[in-house]
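Residues: numbered from 1 along the sequence shown.
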Amino acid sequence: FINFYYSFFKNHELLANLLIVSIYIIFHTPQLIQAAQRPDVSTNLLHFTIIIILCMTILLFLRSQYPRFCLYSALIIPFILSAIEILFITKIKTNIVLPLLLSSSILDPAAIVIFLYTIGRKLPLKSALLHLIITSMVIFTLELFTNRFSNANYSPVIINITIYTIAILIGSTLQFQTSKVLQLEQLNKQLELERKQHEQLTISAERTRIAREMHDIVAHSLAIVITM
């Protein structure tokens, strides 16, 4: 399975990105439809949510080349949205509800899971765990900020952090398995090269032996002719 996974996605990286983006958009489509049908969700909030999804979609395409940039971009966007909420939206409607933003633990756990998985796949385990700790701290701080430091329910945060940890571990495991597959492929190529070199040496040695025997036969024949 690991060999098939590595060979397929290595040769079809664009297809893999399209598949992940399609799953991501399908995952968010019911939430967008539900939010559009709710009367307590403003048009501005719906537009903000669509912008977030578009930004995350672009970042998903860039995740393989820039995993850390994509992850921290996904973590910075909530601060911008929170600032917009405080400076613009809440001044107009103090009782406005941000269901999509809040239900996704102040951004988009699905995208963050993908980014952390990619970091686990691309970076060493210690570095990946460091990014996991930073991400967990940011998510926890955003949760405190969202709940205004009172009556906060941290169960979703704990669940999300657990999922993030699993994503990192899965990515690191696949990276380890992929590196083993690469090592085996390189070892196989090296053995194949040594086998070919051994065949060439065997053929050269056999040709040398035949040439020596022919030389001895010819020399012996000439010696007999000269003697006669």
**OP:** Give the cluster check for L75 versus L62: same hydrophobic cluster or not, with ILVMFWY residues linked at side-chain heavy-atom distances below 4.5 Å.
**Re:** yes

Original post:
Under a single-linkage definition using a 4.5 Å side-chain heavy-atom cutoff for Ile, Leu, Val, Met, Phe, Trp and Tyr, are L18 and Y24 assigned to the same hydrophobic cluster?
Top reply: yes

Original post:
Should we count CZ of R209 as having more than 12 external heavy atoms under 6.0 Å?
Top reply: yes

Original post:
side-chain contact (heavy atoms from CB on, under 4.5 Å) with I210: which residues, sequence neighbours excluded?
Top reply: E206, M214

**OP:** Only counting residues at least two apart or in another chain, list the ones meeting side-chain contact (heavy atoms from CB on, under 4.5 Å) with L191.
**Re:** L187, E194

Subject >> Separation between CD1 of I76 and CG of L71, rounded to the nearest 0.5 Å >> reply: 9.5 Å

Subject >> Results of side-chain contact (heavy atoms from CB on, under 4.5 Å) for I170 - residues two or more places apart only >> reply: Y117, I166, L174

**OP:** Measure across L60 and R63 and return the closest heavy-atom pair with its distance rounded to 0.1 Å.
**Re:** O-CG, 3.0 Å

Original post:
Going hydrophobic residue to hydrophobic residue with side-chain gaps under 4.5 angstrom, can you get from I158 over to I161?
Top reply: no

Subject >> R195: partners by salt bridge (Lys or Arg N to Asp or Glu O under 4.0 Å), with sequence neighbours left out >> reply: E192, E199

Original post:
Linking I/L/V/M/F/W/Y whenever their side-chain heavy atoms sit closer than 4.5 Å, directly or via other members, would I119 and Y66 fall into one cluster?
Top reply: yes

Original post:
Looking only at heavy atoms, which two atoms of H28 and A110 are closest? And how far apart?
Top reply: NE2-CB, 4.4 Å

Original post:
Does any non-hydrogen side-chain atom of Y164 lie less than 4.5 Å from one of I168?
Top reply: no

Subject >> A128 versus G120, closest heavy-atom pair with distance >> reply: CB-CA, 4.2 Å

Subject >> Distance, nearest 0.5 Å, that separates NZ of K122 from CD of Q65 >> reply: 7.5 Å

**OP:** Find the distance between OG (S179) and CG (L184) and round it off to the nearest 0.5 Å.
**Re:** 9.5 Å

Subject >> Connected via hydrophobic side-chain network under 4.5 Å: I112 and L169 >> reply: no

**OP:** Could you walk me through whether L54 and I58 pass the side chain to side chain contact (heavy atoms under 4.5 Å, CB included) test, one step at a time?
**Re:** CA-CA 6 Å; L54 291 177; I58 296 173; 5.6 Å; no

Original post:
So which heavy atom on T118 is nearest to which on P67, and how close?
Top reply: CG2-CB, 4.1 Å

**OP:** Mind checking side-chain contact (heavy atoms from CB on, under 4.5 Å) for I159 and listing every partner two or more places apart, or none if nothing turns up?
**Re:** I163

**OP:** Heavy atoms only: give me the nearest L125-S172 pair and the separation to one decimal.
**Re:** CD1-OG, 3.3 Å

Subject >> Any side-chain heavy-atom pair of L59 and M56 under 4.5 Å >> reply: yes

Original post:
How about F69: does its CZ atom have over 12 heavy atoms from other parts shown lying under 6.0 Å from it?
Top reply: no

List, one per line, each side-chain donor-acceptor pair under 3.5 Å for residues 129-136, sequence neighbours excluded.
residue, atom, partner, partner atom, Å
H131, ND1, Y72, OH, 2.5
T135, OG1, H131, O, 2.7
S136, OG, L132, O, 2.8

